[in-house]
*Asks:* 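Let me give you the structure first, and then I'll get to my questions.
For ligands, and for the atoms within them, numbers begin at 1 and follow the listed sequence. By convention here, the first residue in the shown sequence is residue 1. Predicted, not measured: the structure shown is a model, and the values here were computed from it. Computed over heavy atoms, backbone and side chain alike; hydrogens, waters and symmetry mates excluded.
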Amino acid sequence: MKAHRPLSLGYFLALLCSQPAWAQFPRECTTTEALRNGVCCPDLLPISGPGTDLCGASSGRGRCEAVTADSRPHSRQYPHDGRDDREGWPTRFFNRTCRCNGNFSGHNCGTCRPGWRGAACDERVLTVRRNLLDLSAEERNYFVQALDMAKRTTHPQFVIATRRSEEILGPDGNTPQFENISIYNYFVWIHYYSVKKTFLGAGQESFGEVDFSHEGPAFLTWHRYHLLQLERDMQVCRKHFNVQILYRHCALFVNRYSDPTGRYDPAVRSLHNLAHLFLNGTGGQTHLSPNDPIFILLHTFTDAVFDEWLRRYNADISTFPLENAPIGHNRQYNMVPFWPPITNTEMFVTAPDNLGYTYEVQWSSRNFSISEIITIAVVAALLLVAVIFVGASCLIRARNKLDEANQPLLGDQYEHYTEEYETLKNSNQSMV
Ligand SMILES: *[C@@H]1O[C@H](CO)[C@@H](O)[C@H](O)[C@H]1NC(C)=O
Ligand SMILES: *[C@@H]1O[C@H](CO)[C@@H](O)[C@H](O)[C@H]1NC(C)=O
Ligand SMILES: *[C@@H]1O[C@H](CO)[C@@H](O)[C@H](O)[C@H]1NC(C)=O
Ligand SMILES: *[C@@H]1O[C@H](CO)[C@@H](O)[C@H](O)[C@H]1NC(C)=O
């Protein structure tokens, strides 16, 4: 019984190994030809030779289709249209991708949508995400070892672009600029890429008032997908569905969406930042915050609150702005830099019915008003700061026992990505 207890984040990182996953960019699509044509539609089972089963078309799983990218106006806060690869994501890199039918999913339609499994993706799955504090010492220890393993294992599916789209083919026009990355660093990279500044040219200061995953309504949908992606990788990988990520009880982030217009209270926001700063490791720096595993716990809890809100208020997508949100935050925008393209709308759904997971957490059944929720959140946040501190110290102590895990998961500067003169230091963007 004990030995078979449902597993945790540790497992999902450790087991990330062999099967299709989602995000930037599948290794198959990083050839000069694919990039020149702007087509990323890998074969699934090309029995009759290369190109004969694009997107699993021969078995009806999907088709290679033109990408749909949001073209509605964004807020005027971002005045540099035409300068950033993340605009109209992912059309600066690819204009055609797989569109999967029914319950199929993935960059070549080789996997199932969240909540489904089986060869035909017709069996329902529901995973339960558990509280870190409910795990045994053994399970927690496994978690730490798994992080260490994830840090050292090359991501099986995805590579990262090390240059902007203009230079992606290299100096000779025939040397695609991509690099392998470890599983955990990849998770960190995705976050970094979504918040990095806009490069405006050699010798010019990069533009920092841009953030595709924070400071707007996409905060919740983006982070939901970021976590789901990791969890899903692991599940597909091991065909082991008794796996889920963890959450940590905290209410820091609920406030991000407390105002129906999608704005949030700056006072509350600084409270949120305060907790991140208190962590004061990489968790306190914007672009590298996922580097600290506590990131996962915090954001998973945020997601639990988001899901409760969606269910309790029967939330309607009309509360999510269709246009004029900060760039990246319109309802139909493809979240940057996930692959294949997925819009905010697709994550604005209740998790148990649509995404195949639920939370162990018990909520009071009483209906709270928005102001009560904010009050509770603020109090919980203060308590949390203390709890996190204890939790973080435990993790750090546990980590110190492992030789290699003594290194930061990813260095302070991401060395591999080059946009001339762009420096990753001194970022003043929001915390996670
Ligand atoms: C995608 O299409 C747009 C509009 O036709 C074009 O400007 C862009 O260069 C294309 N991108 C790629 C990667 O082919
Ligand atoms: C997913 O599979 C189930 C079971 O076969 C089916 O009823 C459902 O329609 C499928 N969903 C979609 C979107 O095709
Ligand atoms: C990444 O690693 C794989 C397998 O080790 C190798 O085949 C591939 O060439 C590497 N890709 C890059 C861009 O270094
Ligand atoms: C955070 O770290 C910095 C330097 O690493 C230190 O100066 C500062 O006092 C720390 N803050 C807290 C709250 O521990």
Side-chain angles (χ1 to χ4, degrees), residues 16-21 23-42 55-56 59-71 81-106 109 111-126 152-170 172-183 185-186 189 241 334 336-337 339-342 345-347 349-350 352-356 415-418:
L16 255 170
C17 55
S18 65
Q19 274 280 317
Q24 125 157 10
F25 289 102
R27 207 175 264 116
E28 297 100 300
C29 297
T30 57
T31 62
T32 304
E33 191 198 355
L35 288 159
R36 284 236 173 89
N37 300 332
V39 178
C40 180
C41 293
C55 309
S59 47
R61 292 178 80 107
R63 294 173 308 284
C64 188
E65 282 193 358
V67 168
T68 310
D70 180 52
S71 55
D81 283 315
R83 311 292 284 278
D84 195 306
D85 282 346
R86 298 167 294 181
E87 294 165 14
W89 182 260
T91 56
R92 292 294 181 89
F93 294 92
F94 295 105
N95 276 331
R96 293 179 73 80
T97 64
C98 290
R99 181 165 303 267
C100 308
N101 299 323
N103 292 334
F104 300 115
S105 180
C109 301
T111 57
C112 305
R113 280 181 13 179
W116 298 94
R117 67 167 161 182
C121 297
D122 55 359
E123 296 164 45
R124 263 200 178 282
V125 217
L126 186 68
R152 286 181 285 139
T153 310
T154 301
H155 200 294
Q157 248 71 48
F158 289 97
V159 290
I160 59 167
T162 54
R163 288 281 178 168
R164 288 173 296 127
S165 62
E166 289 147 55
E167 300 166 354
I168 200 72
L169 290 173
D172 60 357
N174 196 24
T175 315
Q177 304 288 300
F178 293 90
E179 261 185 35
N180 283 319
I181 188 164
S182 80
I183 289 164
N185 285 359
Y186 175 74
W189 159 264
F241 294 85
N334 292 319
V336 177
W339 194 270
I342 177 162
T345 307
E346 293 171 72
M347 285 295 116
V349 290
T350 52
D353 311 318
N354 303 285
L355 302 173
E415 298 144 27
H416 307 276
Y417 191 76
T418 332

*Asks:* I'd like to check which ligand 1 atoms, numbered from 1 as shown, lie under 4.0 Å from a non-hydrogen atom of Phe93.
*Replies:*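 Contacts of ligand 1 toward Phe93, numbered from 1: 13 (C).
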
*Asks:* Salt-bridge test for Glu167 and Arg164: reply yes if a basic N is under 4.0 Å from a carboxylate O, no otherwise.
*Replies:*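 So Glu167 pairs with Arg164 through a salt bridge.
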
*Asks:* Kindly confirm or rule out an SG-SG distance below 2.5 Å between Cys40 and Cys98.
*Replies:*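 Judged by the SG atoms alone, which are 2.5 Å or more apart, Cys98 and Cys40 are not bridged.
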
*Asks:* Below 4.5 Å, heavy atoms only, C-beta onward: do Trp116 and Phe104 meet side chain to side chain?
*Replies:*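 When only atoms from C-beta onward are counted, Phe104 and Trp116 do not touch, as no gap falls below 4.5 Å.
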
*Asks:* Please check if any side-chain donor atom of Asn354 sits under 3.5 Å from a side-chain acceptor atom of Thr350, or the reverse.
*Replies:*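 On atom types as modelled, these side chains qualify, holding a pair under 3.5 Å.
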
*Asks:* Does Cys109 offer a backbone N or O that forms a donor-acceptor pair with the side chain of Asn101 under 3.5 Å?
*Replies:*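 Absent.
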
*Asks:* Can you find an N or O of Thr91 that's nearer than 3.5 Å to an N or O of ligand 1?
*Replies:*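 N/O-N/O distance below 3.5 Å exists for this pair.
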
*Asks:* Show the atoms of ligand 3 that are less than 4.0 angstrom away from any heavy atom in Phe178.
*Replies:*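 Once the distances to Phe178 are compared, the set is 13 (C).
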
*Asks:* Ring centres under 6.0 Å, that's the criterion: do Trp89 and Phe25 meet it?
*Replies:*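 Under 6.0 Å, so yes.
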
*Asks:* Can you list, by chain and residue number, every protein residue with a non-hydrogen atom closer than 4.0 Å to ligand 2?
*Replies:*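 The 4.0 Å shell around ligand 2 contains Gly102, Asn103, Arg113, Trp116, Cys121, Asp122.
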
*Asks:* Distance-only, no hydrogens or angles: does the Glu87 side chain make a donor-acceptor pair with backbone N or O of Gly82 under 3.5 Å?
*Replies:*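 Yes: the side chain of Glu87 pairs with the backbone of Gly82.
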
*Asks:* Check each heavy atom of Asn95 against ligand 1 and say whether those closer than 4.0 Å belong to the side chain, the backbone, both or neither.
*Replies:*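 Contact part for Asn95 vs ligand 1: side chain (C-beta onward).
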
*Asks:* Taking Thr154's backbone N and O only, do any of them form a donor-acceptor pair with Ser182's side chain (distance below 3.5 Å, no angle check)?
*Replies:*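 No; zero donor-acceptor contacts below 3.5 Å.
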
*Asks:* Would you check the N or O atoms of Asn180, main chain and side chain alike, for any that come under 3.5 Å of an N or O of ligand 3?
*Replies:*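 N/O-N/O distance under 3.5 Å: yes.
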
